[in-house]
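Report on the structure given below.
In what follows, every chain begins at residue 1, and chains take the letters A, B, ... in the order their sequences are listed.
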Protein chains: 2
Amino acid sequence: MRPRTRRGGGRPTIADVARKAGVGAITVSRALREPDRVSRELREQIDKAVAELGYVLDRNARALASARADVVAVLVPSLTNNVFADVVRGLYDGLGDSHLQLHIGNTHYSGLEEERLLQGFIGQRPSAVVLSGIDQTATSRAILKEAGCPVVQIMEIGTDPIDMMIGFSHVEGGRAVTRHLIEAGYRRIGFIGARMDPRSQRRLAGYRAALEEAGLFDLRLVTTTTAPSSVSLGRELFRDALAKVPTLDAVFCNNDDLAVGVLFECNRAALAVPGKIGIAGFNDLEMMDVAYPSITSVRTPRYDIGRRAIAMARAAIAGERPEQRVVDTGFELMRRESTAR
Amino acid sequence: MRPRTRRGGGRPTIADVARKAGVGAITVSRALREPDRVSRELREQIDKAVAELGYVLDRNARALASARADVVAVLVPSLTNNVFADVVRGLYDGLGDSHLQLHIGNTHYSGLEEERLLQGFIGQRPSAVVLSGIDQTATSRAILKEAGCPVVQIMEIGTDPIDMMIGFSHVEGGRAVTRHLIEAGYRRIGFIGARMDPRSQRRLAGYRAALEEAGLFDLRLVTTTTAPSSVSLGRELFRDALAKVPTLDAVFCNNDDLAVGVLFECNRAALAVPGKIGIAGFNDLEMMDVAYPSITSVRTPRYDIGRRAIAMARAAIAGERPEQRVVDTGFELMRRESTAR
DNA sequence: TTGTACGCGTTATCAA
DNA sequence: TTGATAACGCGTACAA
């Protein structure tokens, strides 16, 4: 029975390299992974053969044989959102010289989509999973608990981590910025929110708590939509809010895109900022400091969260026990011209 | 000799499912891939067994056995850049109901990094490769030609596609917007550019060509940096440009972030836009239309390019020959208040 | 429509 | 330090 034709595109395999270098296949494998455990002589022959053949390791075969994929699965709710773009940048930078790869999945703010993606990713036997927020479905939590790999929830903290967590309290963020507005002398402080995902909801809760403490809360001050955030949406929501409450003297925006839209609308309508209207955003995009007037916001350590999430994952992959399972990064209120009255 | 302990984490395999469902392993495999080719009765038994066992397909094993990974490798120069965030969104949406996965790599605008990533991705035997621009290194081109899978270069067009291409001419984009500024009556038109990657260089070339046609070109009008683009950088570069050429009456910004920075700086310095200074950007981010004054820009079909690139890749994977290897999507000049004088 | 035998390219195990 | 052998879990080819 003659050997069948090779299925793979005829690309060189580890056996080809071994033959050419005059060694066993396993020695080639070792030379590639742990060069120190192979004698210098053989290593050089092998390197030469690899170069001549243009050999490229088949990651699928490696993953199958070693039952782990050197892949970190990452689930974020959006790729368009600057916030998660920064997180992902931090994740990449956190990889450093490890041979880990990042596989990014976009949940589109849907728990069900997260479940679906998780199924797919788990099928790759990732070395770790990083995912956003703390509102996973019961099924997702079950999948992750059974996956047997480190899991890092990011951008938020809570009391019941699947495994590890790093982020900050969105309730406290919302509360801090709202208190600042109150202290600045504003009294009719509106909340403008888009998307209204769980983190936005919690920012709203912080806003409400702060206003209630001060006896200033009024439901009509809250203007939200589930539509995705954008600058133009900021303009629209602000118009709506002003129509509802003509005495509005400040707005806390769910995020910075909205705040910029509000600022442009104030400029257009000749509403003085911060004199007539105070504006505060959330996340502190780079633009906020450059805007005229510059816009108050809550600086969230997105990039850092990304870096440290990978560091936590790498430590756990290496078998280390985390010092703390839940890491609170905090946030920083950036007071600027838009609320300086 | 007793069977050794299983290497994998003891997760159920296709054989376990087959045993439980009382069928052959291959029937389970088929039921998963091509349900129509398995009798309804068996299919139901199999689905039940899968659910009860919590079976998850091992994608690595599938990829190894079938010599293809159902993965599209995507290389973009940046994830922070809104432009590529939109492209990636388009790519995801283009996937539709296919069982393809996207694996995103970030080249950080480096040809060498692109090469390195390509090596890694090719090791996964992707079904297709999507990459940005037309300036790949010779090595990258060689790797791709040998990969034997469809390749789509996006965001730009040129005369020598590796395989397929979809995008538009950045030279023409730069030329169009510059001509518009000239027609609007501006005479001392500056160019402000950050990053200055190949596409930025070509926008600059278009700008220069248009000004030279009109006899208005002057090297001192050009202010660039290789630093990454940002709103604050737009402010800085505009200040530099104005210091060099105090008679400056308009600026074409390499991209919209810079343009927004210029607008804020004009507001702060009380330079009337468009009266005293005209401003034009590139890419037409959503914000441009909301800004006050709204900002002229070149709308680039980023999302669409993403979608169509995947469509082209899918067609090629399915064995179809493309109608055209190079697709010019064009662009659209959006005339707005910032240049309406 | 279903099943059998084998191979995919690599690594773990164990022995030399 | 090196190598032979047997998995890893699934899909292809072919036969029934």
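- For Ser29(B) and dG11(D), the shortest distance from a side-chain N or O to OP1 or OP2 is below 4.0 Å.
- For Glu34(A) and dT11(C), the CD to P distance is 10 Å, given to the nearest whole Å.
- Of the candidate nucleotides dG9(D), dT10(C), dT2(C), dT2(C) has the atom nearest to the side chain of Val38(B).
- One atom, CD of Gln45(A), and another, P of dT2(D), lie 10 Å apart when rounded to the nearest Å.
- Within the nucleic acid shown, Ile26(A) comes within 4.0 Å of at least one base atom, counting heavy atoms only.
- Atom CZ in Arg11(B) sits about 9 Å away from atom P in dC10(D), given to the nearest Å.
- Side chain of Arg314(B) to main chain of Leu95(B): a donor-acceptor pair is present (N/O by atom type, distance under 3.5 Å, no hydrogens or angles).
- Using a 4.0 Å cut-off between a side-chain N of Lys or Arg and a carboxylate O of Asp or Glu, Asp197(A) and Arg199(A) qualify as a salt bridge.
- Side-chain atoms of Glu115(A) and Thr137(A) form a donor-acceptor pair, as typed in the model, at a separation below 3.5 Å.
- In this structure, Arg19(B) atom CZ and dG3(C) atom C1' are separated by 16 Å, rounded to whole Å.
- The side chain of Thr27(A) contributes an N or O atom lying less than 4.0 Å from OP1 or OP2 of dG3(D).
- Taking atom CZ of residue Arg59(B) and atom P of nucleotide dG11(D), one finds them 10 Å apart after rounding to whole Å.
- At whole-Å resolution of the value, CG in Asp58(B) and P in dC8(C) are 18 Å apart.
- Taking only side-chain nitrogens and oxygens, Arg33(B) comes nearer than 4.0 Å to OP1 or OP2 of dT12(D).
- Using a cutoff of 4.0 Å between basic side-chain nitrogens and carboxylate oxygens, Asp16(A) and Arg19(A) are scored as salt-bridged.
- For Val23(A), counting side-chain heavy atoms from C-beta on, the closest listed nucleotide (dC10(D), dT11(C), dG3(D)) is dG3(D).
- Distances shorter than 4.0 Å separate some side-chain N or O of Ser39(B) from OP1 or OP2 on dT2(C).
- Nearest to the side chain of Leu64(B), among dT2(C), dC8(C), dC10(D), sits dC8(C).
- Protein atom CD of Glu44(B) is 16 Å distant from nucleotide atom C1' of dT1(C), rounded to whole Å.
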Next item on the list: Before giving the answer on side-chain contact (heavy atoms from CB on, under 4.5 Å), spell out for Ile143(B) and Gln119(B) the whole-Å C-alpha distance, their side-chain angles and the decisive distance to 0.1 Å.
Entry: CA-CA 8 Å; Ile143(B) 293 174; Gln119(B) 288 280 356; 3.6 Å; yes
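- Separating the CZ atom of Arg68(B) from the C1' atom of dG7(C) is a distance of 17 Å, rounded to the nearest angstrom.
- One donor-acceptor pair, N or O on each side, does fall under 3.5 Å between the base of dG3(D) and the side chain of Arg30(A).
- Side-chain N/O atoms of Arg62(A) include one lying less than 4.0 angstrom from OP1 or OP2 on dT11(C).
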